[in-house]
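Just follow the structure's listing: the first ligand is 1, and inside any ligand the first atom is 1. We're numbering straight along the sequence, starting at 1.
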Amino acid sequence: MPSAPLYFDYAATTPVDDRVIETMLACLGSQANFGNPASSGHAFGQAARNAVEQARQQVADRVGAQAEAVVWTSGATESNNLALKGIAQGVLQGVMQPGHLITSQLEHKAVLDTVAELERQGWAVTRLAPDAAGLIQPAAVQAALRADTRLVSLMAVNNELGTITDFAAIGERVRAHGALLHVDAAQAVGKLAIDLNAMAVDLMSFSAHKAYGPKGIGALYVGPRARPLMRAQMHGGGHEQGLRSGTLATHQIAGMGSAFALAGQPGDSEHQRLAQLARRLREGLLALPGVTLNGCASQRIPHTLNLCIDSKGFNSAALASELALSTTSACNSASNAASHVLLALGLNEHQARNSVRLSIGRFSTEADVNKALEVFGRVLATASAALW
Ligand SMILES: *Cc1c(COP(=O)(O)O)cnc(C)c1O
C-alpha cells in the first residue's frame, strides 16, 4: 500500500504475525498437512488432527483451561452466539420457560443483537448502564440478579474504550447465585491475565484476528458447569463433541494456536514497551486543547485510547487520511450511527461523533507515535484556526 496511513487500529484487527503465517502454510498445499482432521482412518487425517489438537492445547494453556473445554468457531461473533443461544436453548429444554439474562449497554453488537433475539423469544433482559466512571461494577451485577437469572454476559475489555470489567469478581457473585457467566474476551488475550481454572467464568469467547492470528477463526470456552446445558447451533457431522459441526479449518486453527502461544502477558517486556508508547501518546494527545479521554482513566489496558475532540471546526476525516484510526467502531460503521457505547457513557450525539479510537500493537513504533502527535497537533490547530 503506497503512502498508506500509519496503522492505529489494532482493536479492529491485527496483521497476522509472520510466525503464525509459517504455521498456517504448513497446513496448505499437496506437500503439507492438508488432510481432513476427521479422516481418522489414514495418516493424512491423523496428522491434521494432531495439528488441531496441538492448537487446542495452545489456546487452552494460554487461558488456563482444559483442552476439551475449547470449541472451535468462526470467530468471537459466532462464539457469542453459541454461548448465549446454546445455553438459552438448554435452559428451555430443562425448565420449559425462558428466564432472565443480564448484560450491559457497553457490549459488542455480537452480544447485544443476540440478546435482542433471545428477548424476542421471551427472555427477560436487563441491560446494565455503566457507573459514573464508565464501568460495570460487580455490585451492579449483584443487584440485578433475580431468582430466574440464568446467564450474565459481559465483556472483559471494551473494544471501543479499552476499559476492563472486573469479571473475576463478577463471576464469584454470579456463581454464588447459581447463574452462569459468559465473558467476551476478544480484546483481552495478551493484554490481561486470564486463568479460567481459578476464575468463576463458565463461557468465554475468543477471536484469533485480534491477537495476530487470521480472521475467520475463534473459540468458545465451555466450562464444566455450562457443558450440560449447551446446545449446538450448527448441526452436521457432530464435530467438536457435537457442539459445532463442520470440517475443521486446520490452517486457521493452527494459526490461532500459534498466535495464542505467542501472545504476551501483562508485565512482559513487550507489554511494557507498548504501555510506555501508549503513555506518551495519551499524555501528548490529552495536552491538546479540547481533547478528553472517554471511559475510565485507570481501569484499562494501555493499548486502546478513545478521545473526544471538542473543537468546533474538527473533522475526523482529516485525521483518518493520515492515521488509520477508528472514527466509529468497525462493527457499527455499516450503520453510521453514533457509538452506542459512547452514548451509554453519557456523551451527547455531537461528542460521540467527534470521538476517535486509537489502538496500538506489536508493530507500533516510537516513530508512529511521534507522527500521530504531529498530525493531531496540526489538524486541531487547523480546526481552531478555521473558526476565525
Ligand atoms: C472483534 C470483536 C468481536 C467479533 O469478533 P469476530 O472474530 O470478528 O467475529 C466480538 N467482541 C468483541 C469485544 C470484539 O472486539
- prompt: Without hydrogens or angle criteria, can the side chains of H100 and T126 be said to hold a donor-acceptor pair below 3.5 Å?
  reply: yes
query: Is any NZ, NE, NH1 or NH2 atom of the basic residue among E119 and R127 found under 4.0 Å from an Asp or Glu carboxylate oxygen of the other?
result: yes
message: I'd like to check whether E78 has a polar contact with ligand 1, where a contact means an N/O of the residue lying under 3.5 Å from an N/O of the ligand.
response: no
task: Would you mind listing which atoms of ligand 1 come within a distance below 4.0 Å of any non-hydrogen atom of H209?
output: 6 (P), 7 (O), 8 (O)
query: Salt bridge or not for E117 and K85, using N-O below 4.0 Å?
result: no
Check: H271 ring centre within less than 6.0 Å of H303 ring centre: yes
field: Criterion salt bridge (charged side-chain N to carboxylate O under 4.0 Å, His left out) on D202 and R227, from CA distance to verdict
entry: CA-CA 9 Å; D202 303 296; R227 182 67 184 85; over 6 Å; no
query: Where on A76 is there a heavy atom closer than 4.0 Å to ligand 1, on the side chain, on the backbone, on both, or on neither?
result: both
task: Using distance alone, determine whether S207 and ligand 1 share an N or O pair under 3.5 Å.
output: yes
field: Check: S74 N/O within less than 3.5 Å of ligand 1 N/O
entry: no
- prompt: Given R279 and E283, is the salt bridge (charged side-chain N to carboxylate O under 4.0 Å, His left out) satisfied, shown in steps?
  reply: CA-CA 6 Å; R279 191 175 322 120; E283 285 170 4; 5.0 Å; no
query: Counting each atom of ligand 1 from 1 as listed, which ones have a heavy atom of D184 under 4.0 Å away?
result: 10 (C), 11 (N), 12 (C), 13 (C)
- prompt: What part of T77, side chain from CB on, backbone N/CA/C/O, both or neither, has a heavy atom under 4.0 Å from ligand 1?
  reply: both
- prompt: For ligand 1, which atoms sit closer than 4.0 Å to a heavy atom of M155?
  reply: 13 (C)
- request: State whether E240 and R56 are salt-bridged, where the test is any N-O pair (Lys NZ or Arg NE/NH1/NH2 against Asp/Glu carboxylate O) under 4.0 Å.
  value: yes
message: So for ligand 1, is V157 a polar contact partner (N or O within less than 3.5 Å, distance only)?
response: no
K215 and ligand 1 - part of the residue with a heavy-atom distance under 4.0 Å: neither
